[in-house]
Structure formats: structure tokens, C-alpha cells
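Before any comments, here is the structure.
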Protein chains: 2
Amino acid sequence: MSNALSAIERFSRYPLGESQSVCCPVRDVLDRIGDKWSMLMIMALAMRPHRFGELHRAVHDISKRMLTQTLRDLERDGLITRHVFPTKPPGVEYRLAPLGQSLLEPMAGLIDWADRCYGDIHAARARFDSTHGDASRQASSTRLAGKISTGAHARR
Amino acid sequence: MSNALSAIERFSRYPLGESQSVCCPVRDVLDRIGDKWSMLMIMALAMRPHRFGELHRAVHDISKRMLTQTLRDLERDGLITRHVFPTKPPGVEYRLAPLGQSLLEPMAGLIDWADRCYGDIHAARARFDSTHGDASRQASSTRLAGKISTGAHARR
DNA sequence: CCGCATCCCCAAAGATACTG
DNA sequence: CAGTATCTTTGGGGATGCGG
């Protein structure tokens, strides 16, 4: 844990609030894997290469649009590679690039933590909500409510 | 690395695309620390307790609104604690709860990775952009345009 | 089958002003 | 100082349809 602190200390030599120009590495990483889908993609690809359609089925609640975009971004950053087979109809295979592989370990640490602390977090949430009058619906807001009933946009 | 895979495998017993009801732990974690500010908060608090205003100065480009909200969410999930000193004018101190402390290690792993691979990522980006005709500005659209000229938010 | 483009909408976040 | 309330903006992302 003390070496955890050292890593964090090392980082915080960068000013924490610096969204412009020389962005700190952490923000970069966060913006990359922090979004809704990137990490899921990487995890799927960690197991084996996938075709576009396979990925779509694996993460069934992503739209084709976001799938494409996420994959592009990951490719752009050198985390995954894209192989086109000029068959008919065409097939495209995505797989983890070395850089992406190197991300697996730190990611696994996080996943592990999530798995272990998942329960505690929900317990804390329940406690908080009951303590704080359950009006948390306004206070803590939108995000949470949104997350819960994520069937959302069942509009048209 | 093989144990990294095992963690990921273990996770992927959960269906990867399951944004509703019984959300998988990973999504939960991502939604919590994946957002723009939470991780910064945690890092600041990892060093020492902070008052509200201190946090605001530490991460100068967050709005008071988002600061409050982020802190509330983190508190709700039991990652940080909030102590009110009924002085005049009032003071509020935030500090890492044990649960939050336990997050430091996995987070440090990620930060570490970010630090190491930061350069590779940017190299890959540059390569991709020059290869793909630099028309990536249209192609991959909105987000990338923002990312490319990482001076982005120099709106003011 | 893969992926790009267009349209459109809503939730998330910034700005601003006000309270205890 | 530490928030809260409100108003406005914007851009992320879903739906859909076409092109290779």
C-alpha cells in the first residue's frame, strides 16, 4: 500500500487539474478506458480474437455505431489491431496488440478489486440512502437513477 | 500475465453486456471511478485529507457543482468520509475511507501503466493519424477531433 | 458482413446567483 | 466557507439507412 502511495505521489507532481495542453497521463488513460465500452472490448479480446459481429453479440447492448467508434479509438491508440480478410462477404478480426496486452495486468487488479468490494459498496450505498432520507434521488442525482433503470431510451 | 487472464476470465462469466438490474461488478467500478473526476479526487485524498476548497483548488477545472456531486457519490459508495466541523464559518473535511484506501493499490497499477505507456500511445496515435490520411478528423469524428488538438478545451 | 453518415434527442455538466 | 438551485448549453450516443 505504501508503494501504491508512491505511485500516486509520483503522479501528482503533475498538476491534477490540467485539462489543456500537456495533459497528465492519468487523464489520458481515464479518457481511454474509462468510457463505457473500451474496457469491455479489451476484456473480450483478452480471451481470444473476435470478429466485429462476435463483439457485437458479446456486448449485446452496444450500438454498432459505438462499437465501431470504440474499436477505432482503441486501434488508433495501438491497443488493438484490425485485420481485414478480403473474403466475400468481408470479415474483420480484432485482436489485442502488445500494448493492449500490457494493460491486462493493471486492469485485472481493478477487476479484482471490483469483485471483492462490490458487496461493500452496495452495502454502503444502501446505508447512505436510508440514512440520508432517501431523498438521495435528487441529491445524488441523475446518474444513479439512470444507471439503475438502464433500460432507458425505450422511446420509439 | 496469465493470472491477469484468469481474473478476466473469472469476470467474464458475467455476461459482458448486461447494463440492467444485476450489473456486473466491473461496470459498477467503471461507472464510479471511470468518470472525469472521481479518480482525481481519490488521488488527492490519498495524500492527505482535504477541505472542500482545497479540493477545488487542487483540481481547478472542476465546477463546484461537479465537485459536490462527485464527493457525494464517493461518500455514498463508502469510498470517502465527510466530517463537518460546526465552526463559523463551517469547515468540511473529506478523507479516504478504508474502502477507498483499498482502491489505491489497483489504481496505482493503472497509473503506473499510464505513465509507462503514455509515450507509446501517443506514438501510435500519431502513426495512425498520418497513415489514415489525417482525415481521421471526419472519420472517427467528434471525440477524436477533441483529442487530437489536445489543447481542446482552450475555449476560454 | 462490416462500417460509415445523418438526424435527433436527452442527460450531463458549465455558468451564475443565492443561502446558512 | 460549503454548498444549493436554476437555467442553459452541448455533445454523446441511439436509431436508421446506405454503400462496399
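Residue numbers start from 1 in every chain, and the chains themselves are labelled A, B, ... in the order their sequence lines are given, proteins ahead of strands.
To the nearest angstrom, C1' of D:dT10 lies 12 Å from NZ of B:K36. Whole-Å rounding puts the B:E93 CD to D:dC1 P distance at 16 Å. One can place CD of B:E75 at 15 Å from P of D:dA2, the figure rounded to the nearest angstrom. Regarding A:K64, its NZ atom lies at a distance of 9 Å from the P atom of C:dC1, rounded to whole Å. Atom C1' of nucleotide C:dG3 and atom CZ of A:R51 are separated by 13 Å, given to the nearest angstrom. Taking atom CZ of A:R82 as the reference point, atom P of C:dC4 lies 7 Å away to the nearest angstrom. In this structure, A:Q69 places its CD atom 8 Å from P of D:dG13, rounding to the nearest Å. Distance A:R72 CZ to C:dG3 P: 6 Å, rounded to the nearest Å.
Ranked by how close their nearest DNA chain D nucleotide is to the 5' end, A:P89 and A:I62 are led by A:I62.
Comparing C:dT6, C:dA15, C:dC2 against the side chain of A:R65 picks out C:dT6 as the nearest. Of the candidate nucleotides D:dT4, C:dC1, D:dG14, D:dG14 has the atom nearest to the side chain of A:S63. Here the side chain of B:P90 is nearest to one of D:dG3, C:dG14, C:dG20, namely C:dG20. Nearest nucleotide to the side chain of B:M66, out of C:dC2, D:dA2, C:dG14: C:dG14.
Residue B:K88 is classed as having no contact, given no heavy-atom separation below 4.0 Å to the nucleic acid. When heavy atoms are screened at a 4.0 angstrom cut-off, B:Y94 is found touching the sugar-phosphate backbone but no base atom.
When every heavy atom of B:H50 is checked against every heavy atom of B:A44, the shortest pair comes out as CE1-O, 3.1 Å. Listed here is the closest heavy atom pair of B:I42 and B:L96: O-CD1, 4.1 Å.
Taking 4.0 Å as the cut-off between side-chain N and carboxylate O, B:E54 and B:R48 count as a salt-bridged pair.
B:D35 and B:S38 share a donor-acceptor pair across their side chains, judged by distance under 3.5 Å alone.
A:F52 and A:H56 have perpendicular rings, their planes meeting at more than 60° on a 0 to 90° scale where under 30° would count as parallel.
For B:R57, no side-chain nitrogen or oxygen approaches OP1 or OP2 of D:dC1 to under 4.0 Å.
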